[in-house]
**Q** 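Quick one: this structure, given as structure tokens, is what I'll be asking you about.
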Amino acid sequence: MKSVKMNKNKVLLGLSGGVDSTTAALLLKEKGFEVIGYYFDVTGDNIDAASEAMKTAEQLGIELICEDVSEEFSKIVIDNFCSEYLKGRTPNPCIVCNPNIKFKKLIQHADEIGAHYIATGHYCRLEYDEKDDLYYVCRSANEKKDQSYMLYRLGQDVLSRLIFPLGDFTDKSDIRDVARENNMLNAEKKDSQELCFVDPGMNYVDYIKEYGLESMPGKFIDKDGNILGNHKGIVNYTIGQRKGLGIALGKPSFITKIDCENNCITLGDNADLFTKKVLCKDIFFPGNNPLKYDNKHVLAKTRYSAKMSTATINIQSDVITALFDEPQRAATPGQSIVFYHKDRVIGGGFIE
């Protein structure tokens, strides 16, 4: 294939039709970039979302590349999502999608059109370390909206070409103000809180069943192995869950362990959910330098919504043991633990 000359004034932007990516486009245009939008359809039939992206691109006055990625998305993201739940784990599909679909596709199409840069409407910042010659994702100025946790698995091939136009904004209302000032039709559009591949109103359990997968009923037990009752199948539950258990024990009970092999779910007290020790595997460090942080004190989050906590990490091959200064609640297998140095994302892995 003939190589395309790269243009540093050209940027390919992930454009969903939402206010964040729209404002990102406006800010990039304001800085003089030639912006091209990119919309990818993860289900292959999301006509409404594709139409919104097209209308937004038209109003912005930019070209839009649309692509059906449903086949790859199904194999890489949805299959993983369903199989993880069937194993009693709780996946985060965005963390799988970002490096394997979203940013991979952005880079591929940027190469094709000669755009040196790619961009998204994520709330985070980028930092270049001259000493290490490495790029790092950093936390957003807006702590409530920060999405750096979701991007810890992006490599240097992506980070070195990435722009986050929204990273320095401290208030979401300022983002909407930019859209309002430019009379954008989606300025008041609500933020999506749903999984992008699940129909609104459908829960993940029904989705997995519709996908053709189901888990068998089994037993609720206590930490000593005593049978407490029956569960509906491990796919219906996650660590730390209290509501919807379908069992009354005369006191608040929480899921503390899910044993896929024996199809048993352990119930216990809230106190049983706390631990100072968290293990993770399938680790990823953007600088490919995990041993640099071995036995070092870092900041860490055990889930997207968790508060930052201090921990010491011990690294052995592809396994990290994080020892927290303070006990962490419901560190859930399948979720990610992400490590930070100050605001900088230094790596992470999937919790075991």
Side-chain angles (χ1 to χ4, degrees), residues 14 16 21 38-44 46 49 67-109 118 120-124 137 146-159 162 164 192-199 202-205 207-208 210-213 234-235 238-239 258 260 278-286 288 290 300-306 318-320 331-339 345-352:
S16 65
S21 58
Y38 172 67
Y39 169 80
F40 64 100
D41 186 349
V42 301
T43 62
N46 200 336
E67 183 179 17
D68 179 352
V69 300
S70 56
E71 187 174 341
E72 289 173 80
F73 191 85
S74 179
K75 290 178 181 176
I76 294 171
V77 180
I78 299 179
D79 283 358
N80 172 267
F81 175 82
C82 294
S83 66
E84 284 285 90
Y85 268 114
L86 289 169
K87 293 174 186 173
R89 295 164 63 85
T90 305
N92 188 321
C94 291
I95 285 176
V96 177
C97 173
N98 282 327
N100 296 300
I101 303 289
K102 180 179 286 186
F103 287 89
K104 182 180 177 181
K105 290 292 184 179
L106 279 167
I107 288 290
Q108 286 177 354
H109 288 286
I118 62 171
T120 66
H122 283 95
Y123 285 82
C124 41
V137 173
D146 173 57
Q147 294 172 300
S148 59
Y149 172 95
M150 299 291 191
L151 304 176
Y152 81 93
R153 300 188 78 85
L154 297 183
Q156 292 299 307
D157 59 329
V158 172
L159 299 181
L162 189 50
F164 293 124
S192 175
Q193 304 294 329
E194 309 291 334
L195 292 169
C196 66
F197 54 91
V198 177
D199 291 337
M202 177 184 283
N203 63 44
Y204 78 89
V205 177
Y207 177 84
I208 292 172
E210 194 173 88
Y211 202 65
L213 301 171
I234 59 176
V235 73
T238 187
I239 300 295
I258 299 176
C260 174
V278 179
L279 269 64
C280 69
K281 292 183 179 179
D282 192 9
I283 65 175
F284 185 90
F285 281 64
N288 196 29
K301 292 177 69 170
T302 56
R303 63 180 64 212
Y304 174 63
S305 59
D318 192 35
V319 180
I320 292 180
T332 304
Q335 291 285 294
S336 286
I337 179 171
V338 178
F339 306 116
V345 175
I346 57 172
F350 294 104
I351 296 172
E352 289 298 306

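We use all heavy atoms of the structure for the numbers below, so side chains are in, but hydrogens, waters and symmetry mates are not. Note that this is a predicted model, so its numbers are computed, not measured.
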**Q** How long is the straight-line distance from CG of Leu151 back to CZ of Arg153, given to the nearest 0.5 Å?
**A**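 Spacing of CZ (Arg153) from CG (Leu151) equals 12.5 Å.
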**Q** With side chains defined as the heavy atoms from C-beta onward, is the minimum distance between Pro286 and Gln156 less than 4.5 Å?
**A**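 Sidechains of Gln156 and Pro286: in contact.
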**Q** For a 4.5 angstrom cut-off between non-hydrogen side-chain atoms, does Phe285 reach Phe339?
**A**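 Answer yes - side chains close enough.
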**Q** Could you measure the distance from the SG atom of Cys97 to the CD1 atom of Ile95? Nearest 0.5 Å is fine.
**A**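 With rounding to 0.5 Å, SG (Cys97) is 11.0 Å from CD1 (Ile95).
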**Q** What I'd like to find out is whether the side chain of Gln335 reaches to under 4.5 Å of the side chain of Thr302, using heavy atoms alone.
**A**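 The answer is no, as the side chains (C-beta and beyond) never meet within the 4.5 Å cut-off.
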**Q** So do Lys102 and Phe40 actually touch side chain to side chain, heavy atoms under 4.5 Å?
**A**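 Sidechains of Lys102 and Phe40: in contact.
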**Q** I want to check a possible cation-pi pair here: Lys301 against Tyr304, using under 6.0 Å from ring centre and within 45° of the ring axis as the test.
**A**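 The answer is yes; both the distance and angle limits are met.
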**Q** Run the side chain to side chain contact (heavy atoms under 4.5 Å, CB included) check on Ile76 and Val96 step by step: do they pass?
**A** CA-CA 8 Å; Ile76 294 171; Val96 177; 4.1 Å; yes
**Q** Please enumerate all residues that pass ring-ring contact (aromatic ring centres under 6.0 Å, His included) together with Phe197, with sequence neighbours excluded.
**A**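 Phe197 satisfies ring-ring contact (aromatic ring centres under 6.0 Å, His included) with Phe73, Phe81, Tyr207 only.
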**Q** With no hydrogens and no angle check, just 3.5 Å: does a side-chain donor-acceptor pair link Thr332 and Thr90?
**A**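 No, no side-chain donor-acceptor pair sits under 3.5 Å.
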**Q** If you measure only the distance, is there a donor-acceptor pair under 3.5 Å linking the side chains of Ser74 and Tyr211?
**A**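 Per modelled atom types, Ser74 and Tyr211 side chains form a pair under 3.5 Å.
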**Q** I need the minimum non-hydrogen distance between Ile283 and Pro290, along with the two atoms involved.
**A**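 Closest approach of Ile283 to Pro290, heavy atoms only: CD1-CB, 4.3 Å.
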**Q** Provide the closest heavy-atom pair for Gly44 versus Ser70 in the form atom of the first, atom of the second, distance.
**A**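 Looks like N-CB, 3.6 Å.
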**Q** Side-chain contact test, heavy atoms from C-beta onward, threshold under 4.5 Å: evaluate it for Tyr204 versus Val198 and give yes or no.
**A**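 Result no, sub-4.5 Å side-chain heavy-atom pair not found.
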**Q** Output the distance between atom CZ (Phe284) and atom CG (Asp318), rounded to the nearest 0.5 Å.
**A**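 The CZ atom of Phe284 sits 12.0 Å away from the CG atom of Asp318.
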**Q** Answer yes or no: is there a side-chain heavy-atom contact under 4.5 Å between Met150 and Cys94?
**A**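 Met150 vs Cys94: side chains touch.
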**Q** Looking at OG1 of Thr43 and CG of Asp199, how far apart are the two atoms once the value is rounded to the nearest 0.5 Å?
**A**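 Nearest 0.5 Å value for the OG1-CG distance: 8.0 Å.
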**Q** Provide the closest heavy-atom pair for Gly14 versus Ser21 in the form atom of the first, atom of the second, distance.
**A**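 Shortest heavy-atom contact: O-CB, 3.3 Å.
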**Q** What's the shortest heavy-atom distance between Ile234 and Gly88, and which atoms?
**A**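 Reported closest heavy-atom pair: CD1-N, 3.8 Å.
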**Q** In sequence, state the C-alpha distance, the side-chain angles, and the governing distance for Thr120 and Phe164, and then conclude on side chain to side chain contact (heavy atoms under 4.5 Å, CB included).
**A** CA-CA 6 Å; Thr120 66; Phe164 293 124; 3.5 Å; yes
**Q** May I ask you to say whether Asp157 pairs ionically with Lys104, meaning some side-chain N is under 4.0 Å from a carboxylate O?
**A**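 No salt bridge links Asp157 with Lys104.
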**Q** What's the spacing between His122 NE2 and Leu162 CG if we round to 0.5 Å?
**A**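 Between His122 NE2 and Leu162 CG, I get 9.0 Å after rounding to 0.5 Å.
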**Q** Nearest 0.5 Å please: distance from the SG atom of Cys196 over to the CG atom of Asn46.
**A**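 Spacing of SG (Cys196) from CG (Asn46) equals 9.0 Å.
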**Q** Is the closest side-chain donor-acceptor distance between Ser336 and Tyr149 under 3.5 Å?
**A**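 On atom types as modelled, these side chains do not qualify, holding no pair under 3.5 Å.
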**Q** With sequence neighbours excluded, tell me which residues meet side chain to side chain contact (heavy atoms under 4.5 Å, CB included) with Glu84.
**A**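 Checked Glu84 against side chain to side chain contact (heavy atoms under 4.5 Å, CB included); matches are Asn80, Lys87, Arg89, Pro91.
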**Q** Does some side-chain heavy atom of Ile78 sit less than 4.5 Å from a side-chain heavy atom of Cys82?
**A**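 Touching, per the 4.5 Å side-chain cut-off.
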**Q** Quick one: do Leu279 and Ile351 satisfy side chain to side chain contact (heavy atoms under 4.5 Å, CB included)? Show the steps, please.
**A** CA-CA 6 Å; Leu279 269 64; Ile351 296 172; over 6 Å; no
**Q** Do Leu86 and Leu213 come close enough that some side-chain heavy atom pair is under 4.5 Å?
**A**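 The answer is yes, as the side chains (C-beta and beyond) meet within the 4.5 Å cut-off.
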**Q** Closest approach of Ser148 and Val345, non-hydrogen atoms and distance?
**A**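 That would be CB-CG2, 3.8 Å.
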**Q** Do Glu67 and Tyr39 have side-chain atoms, one donor and one acceptor, less than 3.5 Å apart?
**A**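 Distance-only check fails for Glu67 and Tyr39.
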**Q** Check each of Val69, Leu195, Asp68 against Val42 using the side chain to side chain contact (heavy atoms under 4.5 Å, CB included) test, and report the only one that passes.
**A**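 In the set Val69, Leu195, Asp68, the residue that makes a side chain to side chain contact (heavy atoms under 4.5 Å, CB included) with Val42 is Val69.
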